[in-house]
Student: 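Before we start, here is the structure in question, set down as structure tokens.
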Protein chains: 2
Amino acid sequence: MTLSALADPTRRAILARLAGGEASVSELAEPFDMSLVAVSKHLKVLEKAGLISKGREAQWRPCRLEPKPLRQVDDWLESYRQFWNDNLDRLEDYAALLQKGEMDEPSK
Amino acid sequence: MTLSALADPTRRAILARLAGGEASVSELAEPFDMSLVAVSKHLKVLEKAGLISKGREAQWRPCRLEPKPLRQVDDWLESYRQFWNDNLDRLEDYAALLQKGEMDEPSK
DNA sequence: AAGTTAATTAACTTACTGGTTAAGTACAGA
DNA sequence: TCTGTACTTAACCAGTAAGTTAATTAACTT
């Protein structure tokens, strides 16, 4: 569910905004060219995914970023980090090989 | 686009499988309770997102994992890593505080 | 009590997603 | 050349997602 919540660019922008600190629903809605209702729905999706939480302060619902689900994404990526480091290493090896001298370069 | 490709559990399972090495379309389809056509579509989504690439070997299309988009997700997470480390640090500080002695514990 | 501001709920439209079956393409082997 | 295997394309369907406007709830302001 986390990943599908993150799939929408509006929602990612909201998270980016919240990384800078709490904000109310209308503050969050302000930069977007869509109705407040639409943003409110996006916030509901984020909330269900646990990516944000909402407080109550008079008529405002201050939203704040919740780190857990993002950390889980990070954990999920861990299994692949090994994989792409392997690929990167191969590139670095190759780069190092090239630097040993131009005569080692292929197709020349 | 990467995130929406990753939002589907079938597609994530396919990537997990491919992290172990190349596989053909029907090999990839085998564990799933859905038609080969459906899996083929999932592969197309993954391919469009750059998460996999397909080769041609006789009548087979060996698929392999491509690291770039995943690395981009990792980069995107970077901005939030700081954020959740802050939260974690606060917890660790608190845990350290507790370990200094039980009389420091609250509500006791 | 009346009006304003903040936000949600309801009802609806449009478009996309994830699956299906049926038909088509391309290659390999007898 | 015919048959089987691997896969894709096309057409379709049901469910979900993202947006809209209108109505509703709730709290502060005067």
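Protein chains get the first letters and strands the later ones, always in sequence-line order, with residue 1 at the start of each.
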Student: Within less than 4.0 Å of OP1 or OP2 of dT20(C), is there a side-chain N or O belonging to S35(B)?
Tutor: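 True: S35(B) side-chain N/O within range (under 4.0 Å) of dT20(C) OP1/OP2.
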Student: Please state how far atom CE in M1(B) lies from atom C1' in dT17(C), giving the value in whole angstrom units.
Tutor: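 From M1(B) CE to dT17(C) C1': 15 Å.
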Student: For the side chain of A58(B), starting at C-beta, report the closest nucleotide among dC27(C), dA6(D), dC28(D).
Tutor: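 Among dC27(C), dA6(D), dC28(D), the one nearest the side chain of A58(B) is dC27(C).
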Student: Out of dT21(D), dT8(C), dA10(D), which has the shortest distance to the side chain of L36(A)?
Tutor: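 The answer is dT8(C).
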Student: Quick one: is dT8(D) close enough that its OP1 or OP2 comes under 4.0 Å of any side-chain N or O from S40(B)?
Tutor: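 Result: yes.
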Student: Return the value, rounded to whole Å, for the distance between atom CG of D33(A) and atom P of dG19(D).
Tutor: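 So the two atoms are 11 Å apart, to the nearest Å.
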Student: By a strict heavy-atom criterion of less than 4.0 Å, which residues belonging to residues 5-26 of chain A are in contact with DNA chain C?
Tutor: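 Nucleic-acid contacts, sorted: S24(A), V25(A), S26(A).
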Student: Go through dA27(D), dG19(C), dT20(D) for me and flag the one nearest to the M34(B) side chain.
Tutor: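 The closest nucleotide is dG19(C).
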Student: Is it possible for you to say whether L15(B) and M1(B) belong to one hydrophobic cluster, with membership spreading through side-chain heavy-atom contacts below 4.5 Å?
Tutor: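 As far as the 4.5 Å side-chain criterion goes, M1(B) and L15(B) are not connected within one cluster.
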Student: Which whole-number value in Å describes the distance from K41(B) NZ to dA10(D) P?
Tutor: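 Interatomic distance, NZ of K41(B) to P of dA10(D): 11 Å.
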Student: Given atom CD of E30(A) and atom C1' of dA6(C), what is their separation to the nearest angstrom?
Tutor: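 Distance, rounded to whole Å: 15 Å.
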Student: Given dG19(C), is OP1 or OP2 found less than 4.0 Å from the side-chain N or O atoms of H42(B)?
Tutor: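 The answer is yes; a side-chain N or O of H42(B) sits under 4.0 Å from OP1 or OP2.
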Student: Starting from C1' on dA7(C), measure out to CD on E57(A) and report it in whole angstrom.
Tutor: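 Whole-Å distance recorded here is 15 Å.
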